[in-house]
Amino acid sequence: METETATRWLTDAEQCAWRTYLDVNRMLTYQMEKDLQPFGLTNNDYEILVNLSEAPEMRLRMSDLATATLQSKSRLSHQITRMENAGLVRRENCESDRRGLYAVLTDQGMETMRKVAPHHVESVRKHFIDLLTSDALTDMHASLKPVAEQLRGVRGKP
């Protein structure tokens, strides 16, 4: 016999927290994108540049970069093609796996990071960090960490 489980509807406080999170996420993403536009970059472009700039030898396997940026391999491939055309990255063959490819940060890509990063950090400060107290940031990190860990587990990424 099938039994129905009652839906655990959100309380008013839970609904308020959830909707505030969604609003902030959308508006902050929009603002970060807007602040990158003068540099000809999108949030996705910047995230790829950051990942590559922090990687050993400033390169990552395309599959690892897709995982890190939550993009499908196909979408990332199109993104990398646009960034290649702009001179920010290049593709290199993987010597240990003929089917594998690396995305590599170019000198121009690194120079772009050096130029854009201070503006991006200022935008993050202006629209997020400086609006919260140190205690609020600590509490927020502690509150969101289990959510991030659970979602990483769902994705199958350590």
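Along the sequence shown, residues are numbered consecutively beginning with 1.
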Taking all atoms of both residues into account, what is the closest heavy-atom pair of [X] and [Y], and its distance?
X    : Y    : value
N51  : A68  : OD1-CB, 3.6 Å
L52  : V104 : CD1-C, 4.2 Å
L36  : T42  : CD1-O, 3.6 Å
M140 : F128 : CE-CZ, 3.1 Å
Q108 : G87  : CB-O, 3.4 Å
S143 : P146 : O-CD, 3.4 Å

Does atom [atom1] ([X]) have a neighbourhood of more than 12 heavy atoms from anything else shown, all under 6.0 Å?
X   : atom1 : value
F39 : CZ    : yes
N85 : CG    : yes
N25 : CG    : yes

Are [X] and [Y] in one and the same hydrophobic cluster, where Ile, Leu, Val, Met, Phe, Trp and Tyr link if side-chain heavy atoms are under 4.5 Å apart?
X   : Y    : result
Y46 : M32  : no
W18 : V24  : no
L70 : L76  : no
L41 : V124 : no
L65 : Y102 : no

Measure the spacing between [atom1] of [X] and [atom2] of [Y] and express it to the nearest 0.5 Å.
X    : Y    : atom1 : atom2 : answer
S123 : I129 : OG    : CD1   : 11.0 Å
T69  : R75  : OG1   : CZ    : 8.5 Å
H78  : Q71  : NE2   : CD    : 11.0 Å
T112 : L105 : OG1   : CG    : 8.5 Å
K115 : E111 : NZ    : CD    : 8.0 Å
L88  : D107 : CG    : CG    : 11.5 Å

Contact between [X] and [Y] at the side-chain level, heavy atoms closer than 4.5 Å - yes or no?
X   : Y   : value
T20 : C16 : yes
R59 : C94 : no
R26 : D23 : yes
I80 : M62 : yes

Ignoring hydrogens and angles, state whether a donor on the side chain of T138 or D135 is under 3.5 Å from an acceptor on the partner side chain.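 Short answer, no.
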Can you confirm whether the side chains of D35 and Q31 place a donor and an acceptor under 3.5 Å from each other? yes
Intermediate values then yes/no, side chain to side chain contact (heavy atoms under 4.5 Å, CB included), E92 and L101: CA-CA 6 Å; E92 287 182 359; L101 288 173; over 6 Å; no
Applying salt bridge (charged side-chain N to carboxylate O under 4.0 Å, His left out), can you list everything that pairs with R19, at least two apart in sequence or on another chain?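 So R19 forms no salt bridge (charged side-chain N to carboxylate O under 4.0 Å, His left out) with any residue.
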R82 and E84 ion-paired at < 4.0 Å: no
Say whether, by atom type as modelled, one donor and one acceptor occur between the side chain of E122 and the main chain of H119 under 3.5 angstrom.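 Side chain of E122 to backbone of H119: no pair is present.
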Measure from the side-chain N and O atoms of S53 to the backbone N and O of L49, and report whether any donor-acceptor pair falls under 3.5 Å.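 Here the side-chain-to-backbone pair exists.
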Does the side chain to side chain contact (heavy atoms under 4.5 Å, CB included) test come out yes or no for E54 and V50, once each step is laid out? CA-CA 6 Å; E54 294 174 348; V50 167; 3.7 Å; yes
